Protein chains: 2
Amino acid sequence: MAAPRYHHGDLRAALINRAAEVVAAGGVDSLSLRELARDLGVSHGAPSRHFADKQALLDALALDGFERLGASMSAALPSGDDPAAGDFSVQLRDLAAAYVGFAVQNASLLVLMFAAKTRQASPAELPAALDRAFAAPLRAIQLAQERGEVVAGDVEAVAAGILATMHGYAALVTAGLFHPDESGAELAGVIGQLMNGLRRRD
Amino acid sequence: MAAPRYHHGDLRAALINRAAEVVAAGGVDSLSLRELARDLGVSHGAPSRHFADKQALLDALALDGFERLGASMSAALPSGDDPAAGDFSVQLRDLAAAYVGFAVQNASLLVLMFAAKTRQASPAELPAALDRAFAAPLRAIQLAQERGEVVAGDVEAVAAGILATMHGYAALVTAGLFHPDESGAELAGVIGQLMNGLRRRD
DNA sequence: ACCTGAACACCGTTCAAGT
DNA sequence: ACCTGAACACCGTTCAAGT
């Protein structure tokens with residue numbers, strides 16, 4: 001036994017990790033299964049034991065991305081039952097900052113994640129992953145409604161505008177339409193405007 | 001001269017048209033240059049006369065998409081100097097409907113368009129294409145500001161929130177997070193909320 | 001159970017040669 | 001000016017064989 005063969009228990013995780021690095025560095029198109037196997041010191045046929053085909057690996061990457069995005073949003077919000085957690089405008093600001101931050105740092109992955117549905121055979125776990133990722137902001141919106149900080153009505157309907165604004169801003173920044181300065185002033189303005197429309201009228 | 005060779009003047013246009021069909025039908029990954037050439041009855045080396053490589057064809061497709069999206073938005077707005085064109089809320093509703101309609105009918109293309117910047121070498125014409133595509137809504141927002149229908153301030157700042165909401169809603173629908181019914185009621189609600197935040201306070 | 005390595009079909013790109 | 005067709009390097013996938 002000379003050079004260690006990479007299968008020390010978890011080739012699957014190693015494939016995902018290395019694939020995430022490659023995608024982050026060079027985009028989805030720069031990912032080659034054979035090169036991946038070479039990087040990990042494994043034969044080019046080995047990945048097929050863990051992923052039926054290349055698309056399955058990309059799907060796993062996208063699902064992992066949703067989990068990370070969801071965790072990032074959850075971390076930006078107060079824990080669910082914190083009674084002293086008012087001021088939804090602050091929560092929204094932090095949430096949007098987390099979302100845009102994730103988008104900027106994982107631009108290629110974000111594209112992969114939100115392109116999954118447009119493929120001929122999207123992964124069966126995708127809808128559940130989407131719901132899970134966005135559960136925390138949905139809950140925060142609902143609580144803000146109950147506190148009267150935000151207009152009443154169907155949560156999903158109110159959330160649609162909030163999530164659309166956040167995602168759209170993030171997507172348009174990574175697409176190169178907006179060129180915000182580092183201060184985050186533009187995002188703050190957008191969120192302020194959004195919050196302005198969300199507040200209950202007396 | 002038996003079977004017609006496809007080079008009757010415009011193989012370039014034929015390549016773009018056929019490529020757009022293939023992408024719309026099966027996604028970007030299903031596009032093969034060799035298959036494209038076969039479809040058009042041309043040798044597999046022929047496309048290289050018109051596109052340096054496959055990426056150049058995809059770039060052309062994306063740029064063409066921005067032109068079509070821009071045209072679709074322009075068509076949804078009253079012509080620039082129509083003096084009787086008040087009521088920005090109506091314009092915004094029509095604009096959003098056009099945008100979401102384009103997104104739903106060209107889901108794969110939309111992904112390709114907004115992923116262009118994340119590639120290692122994005123096309124030099126991309127920034128200009130983005131600006132051109134979004135020029136019409138920007139102008140409409142500016143006019144609405146001048147009419148006093150919308151809060152004053154830097155146009156780009158105000159536009160950021162509007163464009164983000166529109167694009168984000170479209171992207172999240174094609175991504176499968178939202179499942180709006182055909183009535184467009186959800187979009188109408190989102191636009192209403194947005195408009196609510198945009199109106200000047202007295 | 002997990003990996004190897006040969007084999008297969010297909011791909012993008014290049015380039016001398018044709019017209 | 002435009003296209004052909006052979007050639008090259010690389011790819012994803014499959015599968016008998018090894019351990």
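The structure presented is a predicted model; accordingly, all values stated were derived computationally and were not measured. Numbered from 1 within each chain, the chains take letters A, B, ... in sequence-line order.
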For this session: When you get a sec, tell me which of D:dC3, C:dC3, D:dT13 is the closest nucleotide to the side chain of A:Asp53?
Result: D:dT13
Exercise. Can you check whether A:Ser43 has a side-chain N or O nearer than 4.0 Å to OP1 or OP2 of C:dC3?
Worked result: no
For this session: Let me know the distance between CZ of A:Phe51 and C1' of D:dT14, rounded to the nearest Å.
Result: 18 Å
Exercise. Nearest to the side chain of B:Arg49, which nucleotide is it out of D:dC11, D:dC2, C:dG12?
Worked result: D:dC2
Problem set entry | Which residue lies more 5' along DNA chain C, comparing A:Ala46 with A:Arg34 via nearest heavy atoms | A:Ala46
Exercise. Strictly under 6.0 Å, is that where the ring centroids of A:Phe114 and A:His167 end up?
Worked result: yes
Exercise. C:dC11, C:dG5, D:dA7: which one has an atom nearest the side-chain heavy atoms of B:His44?
Worked result: D:dA7
Problem set entry | Stem segments of DNA chain C by first residue number [Watson-Crick or G-U, under 3.5 Å, at least 3] | C:4-8 with D:12-16, C:12-16 with D:4-8
Exercise. What nucleic acid atoms does A:Arg12 come within less than 4.0 Å of, heavy atoms only: base, sugar-phosphate, or nothing?
Worked result: nothing
Problem set entry | B:Leu194 CG to B:Arg93 CZ distance, which is reported to the nearest 0.5 Å | 14.0 Å
Exercise. Rounded to whole angstrom units, what separation is found between the NE2 atom of A:His50 and the C1' atom of D:dG12?
Worked result: 18 Å
For this session: Round to the nearest Å and state the distance from B:Leu15 atom CG to C:dG12 atom P.
Result: 12 Å
Problem set entry | Distance, nearest 0.5 Å, that separates CG of B:Leu95 from OH of B:Tyr99 | 9.5 Å
For this session: Hey, could you give me the CD/CG distance between B:Gln120 and A:Asp29, rounded to the nearest 0.5 Å?
Result: 7.5 Å
Exercise. To the side chain of A:Leu33, which of D:dT14, D:dG12, C:dG12 is closest?
Worked result: D:dG12
Problem set entry | Protein-nucleotide distance (A:Asp29, atom CG; D:dG12, atom P), rounded to Å | 12 Å
Exercise. Do the non-hydrogen side-chain atoms of A:Arg119 and B:Val28 ever get within less than 4.5 Å of each other?
Worked result: no
For this session: Determine whether more than 12 heavy atoms belonging to other residues, nucleotides or ligands lie under 6.0 Å from atom CD of B:Gln55.
Result: yes
Exercise. Starting at CG of B:Leu36 and ending at P of C:dT13, how long is that distance when rounded to a whole Å?
Worked result: 13 Å
For this session: Answer yes or no: is there an ion pair linking B:Arg38 with B:Glu35, defined by an N-O contact shorter than 4.0 Å?
Result: no
For this session: Map A:Glu35 and A:Gly45 onto DNA chain D by nearest heavy atom, then report which one ends up closer to the 5' terminus.
Result: A:Glu35
Problem set entry | Distance test, side-chain N/O of B:Ser48 to OP1/OP2 of C:dT14, below 4.0 Å | no
Problem set entry | Nucleotide D:dC10, atom C1' - distance to NZ of A:Lys54 in whole Å | 12 Å
